[in-house]
Amino acid sequence: MELTRNYEPGTTEERWNQTWQHKGYFKSVPDHRPSYTVVIPPPNVTGVLHMGHTLNETVQDILVRKARMSGFNACWVPGSDHASIATESKVVQMLKEKGIDKNSLTRDEFLKYAFEWKDKYGGIIYNQIEKLGCSVDWDRVTFTMDDHYYKAVIKVFIDLYNKGLIYRGARMINWDPAAKTALSDEEVEFKDLTGTLYYIKYALVDADENSAAANNQPTTDNYITIATQRPETIMGDTAICVNPADARFSHLKGKFAIVPLINRQIPIIFDEYVDTLFGTGALKVTPAHDINDYNLGLKHGLAVIDTLNPDGTLSEAAQIYVGEDRFTARKKIVEDLQEEGFISKQEEYQTRLGYSQRSGVVVEPRISTQWFVKMKEMAEPALTAVTSGEITIHPGDKFLATYKYWLENVKDWCISRQLWWGQQIPAWYAPDGSFVVAETREQAYIQFKIQNSKFKIETLTQDEDVLDTWFSSWLWPMEVFKGISEPEGNTEPDYYYPTAVLVTGQDIIFFWVARMIMAGMHYQKKRPFKDVYFTGMVRDKQGRKMSKSLGNSPDLLELIDKYGADAVRFGIMISSPAGNDLLFDEASLEQGRNFNNKLWNALKLVNMWQTRQADNGEAADNPSGNFAVDWFESRLNQAAADLDVMYSQFKLSEALKTIYSLIWDDFCSWYLEWVKPGFEQPIDAAIYQKTIAFFERLMQILHPFMPFITEEIYHLLLERLTDDDLCIKQFGNQYPVKKEILEQGELLKKVISAIRDARNKNQVKPKESILLSVLTQNKDNYTGFEKILAKQVNAHGLVYINSAPANNIVIAVETDKFYFESSREVDKSTLQTELEKDLERQRRFLESVAKKLSNERFMANARPDVVELEMKKQADALARIKAIEESLSSL
RNA sequence: GGGAGCAUAGCUCAGUUGGUUUAGAGCAUCUGCCUUACAAGCAGAGGGUCCGCGGUUCGAACCCGUGUGCUCCCACCA
């Protein structure tokens with residue numbers, strides 16, 4: 001079969017994807033084998049895979065494929081997340097572009113649009129996952145709003161409510177004025193920026209008389225000045241607070257201040273909370289718009305005046321600039337205050353503002369009635385699971401402390417969202433405002449009847465809100481196997497749960513990882529996964545985050561088109577230190593593509609030999625004897641053992657580097673060159689067979705990382721039968737490693753490189769053949785591979801000598817010396833400089849070793865094997881120095 | 001403000017309980033090669049004050065202290 005010049009990934013990948021699917025290799029049903037389960041972190045259903053996903057999915061596929069080839073029943077469950085806010089805002093945007101206002105639609109109409117949108121765009125990520133070569137079980141694809149999943153979420157809500165772990169209450173929450181919904185604390189991102197601190201004067205009055213406010217004029221020239229970043233909230237002020245210990249304000253007891261512009265009278269109150277050193281030492285208290293002020297308000301019984309509408313515009317309660325956006329209003333109010341002389345000072349101020357993770361707008365603290373999950377009780381088992389080592393986090397040192405701290409200080413979780421896209425909260429309200437929690441209207445009605453409520457079932461209304469998207473995804477490892485919705489008669493959860501490993505980004509450790517552990521410990525009484533592997537963030541090569549606005553976020557499918565999926569996988573893995581951020585550079589994909597071609601060309605070489613085999617010994621060109629084969633076998637076995645350790649520690653990047661070097665350097669550059677027969681010569685049949693077997697094993701080892709090309713080459717090596725596929729081929733046991741032969745191999749490589757270097761430096765043309773003379777005390781070291789040595793340095797002959805020949809180029813390796821003549825004048829001065837440099841280095845080394853050995857305390861304290869080693873170092877150095885000196889004198 | 005992590009070649013990173021480390025790899029760089037698998041390649045080379053300082057030790061890239069510089073997480077100071 002004629003092979004193309006370079007590997008062409010496109011058609012090959014398409015073909016193998018189809019074959020694997022067709023043969024159902026990635027489908028899993030429970031059987032006698034141990035399970036190895038991975039649940040995909042479900043991407044946003046309407047999103048596309050970015051480089052972060054690519055890294056995560058690749059890591060998962062490597063682990064899953066490795067497990068599948070190691071005797072496990074591997075099951076990788078794909079799926080997607082309905083992503084309530086993110087998706088709903090996309091749908092709202094889409095409707096807007098069509099000229100449809102969400103508010104003009106009924107809930108059902110809106111959901112119809114949303115599901116259409118989901119069906120249209122939800123397939124994109126699945127297509128990308130497949131193109132990347134992910135060996136997922138498509139029969140198990142799960143969406144967090146599937147019917148059974150929806151049911152499970154509702155079931156859990158009701159259960160936790162009945163256990164008293166879910167409650168409804170009015171709290172200060174984070175409000176997203178763009179999405180018009182509550183957010184959890186975790187959905188708020190803080191950004192540092194420079195703001196302005198306005199110093200505003202409030203007039204002081206003596207007594208609570210309406211006259212002051214009524215006639216619009218302060219009755220005194222006295223003012224109290226407060227500092228604020230948010231002048232637009234002054235209309236919501238209900239007090240001014242100072243520290244009781246602050247002598248500057250002690251005379252203000254019982255006095256009142258007048259809110260500028262609206263002239264409302266508010267009391268001066270005293271509380272230790274106020275920092276006397278910050279600003280003016282006086283604080284305006286706006287309970288509706290600041291969490292601290294809210295708490296102060298509660299303590300001092302202050303009124304709450306909410307001056308903002310849900311969309312971030314000023315409300316009627318603000319009295320002025322009603323309907324204007326909060327930031328517009330701020331500008332206008334600052335102008336007004338300035339005009340009327342209420343602003344005494346403005347200064348720049350370093351501050352922090354909370355932004356909505358989803359809509360990007362500044363979050364407003366707002367009091368509203370929401371649903372919460374009590375976290376303390378659920379946090380405890382989740383904490384123990386990790387601290388006890390039941391669940392291992394990789395890399396642990398980095399994240400263990402963070403995880404612990406969060407769980408030890410966890411706050412209640414606000415789970416209601418004022419959206420339509422998601423699981424609607426199963427709470428039902430009677431006309432009098434009382435409510436019950438029940439799955440259906442009928443069940444709710446029954447509950448009300450038990451309470452003797454008297455009204456018609458039709459008048460019941462369901463809570464309008466939906467649940468936080470994480471309130472569904474925290475059930476993911478259980479519910480993909482219907483562990484919540486259908487526990488009876490369902491054997492799958494027992495077989496597949498707990499899952500083996502969770503691979504995800506470190507940014508969702510609280511959103512998702514911690515909560516999955518809570519839910520798993522609560523409902524299955526078992527950890528949801530044994531290991532958690534955190535990948536770093538993918539950045540561009542300058543270290544910047546990838547973002548649409550920077551245009552530095554490459555399109556996955558374009559990359560796959562350009563380089564092939566194997567090369568993309570290679571590129572992202574080779575530059576991906578565990579747990580550290582990854583600087584993405586297309587150069588690494590080029591490296592992956594080049595690696596593909598290297599493999600392809602090795603295949604071409606080996607396949608050329610297929611028709612040129614000689615029967616045992618007869619006329620076969622076997623320059624290496626069995627040395628090359630024995631050496632590579634040990635080298636391969638050694639690497640396989642190293643790889644097992646790396647896999648167990650999730651050091652996948654290092655594992656890939658090991659394989660890359662094993663194939664490129666050891667197999668291609670050394671082994672194949674050693675066994676390669678001369679031009680148009682036949683190859684020894686036994687060596688050919690061994691070479692094929694090595695190549696196959698290499699493909700198997702590489703397969704989890706680069707599945708397509710390895711499968712292709714596996715089949716092309718022997719044009720094997722169609723039912724023998726690499727992706728399900730089981731790894732064998734460990735094979736023996738012969739240490740001595742590995743050492744000999746190292747010596748051979750070293751000698752070859754040294755002689756090639758000498759040829760280079762002496763400008764001996766590559767085509768010019770040499771006669772190599774070897775001066776050694778250990779001839780036996782060389783007899784096994786002297787033919788290889790001669791061939792690799794282009795020597796037409798190799799002779800052993802007892803004394804240095806004149807006028808030769810000399811090379812010292814270890815304690816042995818090598819000589820060859822050059823047709824050119826030998827450049828003695830260069831050679832001499834080299835040797836002298838080496839001699840100097842050896843002498844310095846000897847000195848340091850000798851110093852150690854003459855140190856009594858070293859001899860007394862160091863371990864015997866260490867001392868022995870130092871003695872050997874000394875002997876070696878002495879021998880080498882002698883060899884170099886002899887070489888120098890022979891010049 | 002509290003906590004965590006990191007600092008090794010031009011870049012990205014390995015470096016296990018302190019002793020085969022005379023500190024490695026990939027990429028990049030330089031030199032020579034169109035050698036009959038591969039120029040997207042082959043052969044070879046150069047390149048480091050292991051962030052600074054101090055300590056422990058017979059011995060430190062590694063342990064301890066300290067300084068500096070980055071990064072991340074958490075936190076309600078207007």
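Lettering follows sequence order; numbering is per chain, from 1.
At A78(B), one or more side-chain N or O atoms of Tyr349(A) fall inside 4.0 Å of OP1 or OP2 (strictly under the cut-off). Between C27(B) and Tyr660(A), a contact under 4.0 Å exists linking OP1 or OP2 to a side-chain N or O. In this model, the phosphate group of C42(B) is approached by a side-chain N or O of Trp664(A) to a distance below 4.0 Å at OP1 or OP2.
For the residue pair Tyr202(A) / Asp237(A), a side-chain donor-acceptor distance below 3.5 Å is found, with atom types taken as modelled. Counted by atom type alone, Asp665(A) and Ser661(A) present one or more donor-acceptor pairs between their side chains at under 3.5 Å.
Here Phe845(A) counts as stacked on U22(B): its ring centre is under 5.5 angstrom from the base ring centre and the planes meet at under 30°.
Relative to the side chain of Asp275(A), the nucleotides C77(B), C33(B), G19(B) differ in distance, and C77(B) lies closest. Listed nucleotides: U22(B), G19(B), C33(B). Nearest to the side chain of Val866(A): G19(B). Of the candidate nucleotides C74(B), A78(B), A43(B), A43(B) has the atom nearest to the side chain of Ser669(A).
In this structure, Lys873(A) pairs ionically with Glu870(A), as a charged nitrogen and a carboxylate oxygen lie closer than 4.0 Å. Between Lys657(A) and Glu654(A) there is no salt bridge, since no side-chain N of the basic residue sits under 4.0 Å from a carboxylate O of the acidic one. Between Lys284(A) and Asp290(A), none of the side-chain N atoms (NZ, or NE/NH1/NH2) sits under 4.0 Å from a carboxylate O, so this pair counts as no salt bridge.
A donor-acceptor contact under 3.5 Å is formed by the side chain of Glu673(A) with the base of A37(B).
Applying the ring-ring contact (aromatic ring centres under 6.0 Å, His included) test to Tyr647(A) and every residue at least two apart in sequence or in another chain returns nothing.
RNA chain B lies under 4.0 Å from at least one heavy atom of each of the following residues of residues 593-602 of chain A: Arg593(A), Asn594(A), Asn597(A), Lys598(A), Asn601(A), Ala602(A).
Helical stems in RNA chain B, defined as runs of 3 or more consecutive Watson-Crick or G-U wobble pairs with donor-acceptor distances under 3.5 Å: B:1-7 with B:68-74, B:10-13 with B:24-27, B:29-33 with B:41-45, B:51-55 with B:63-67.
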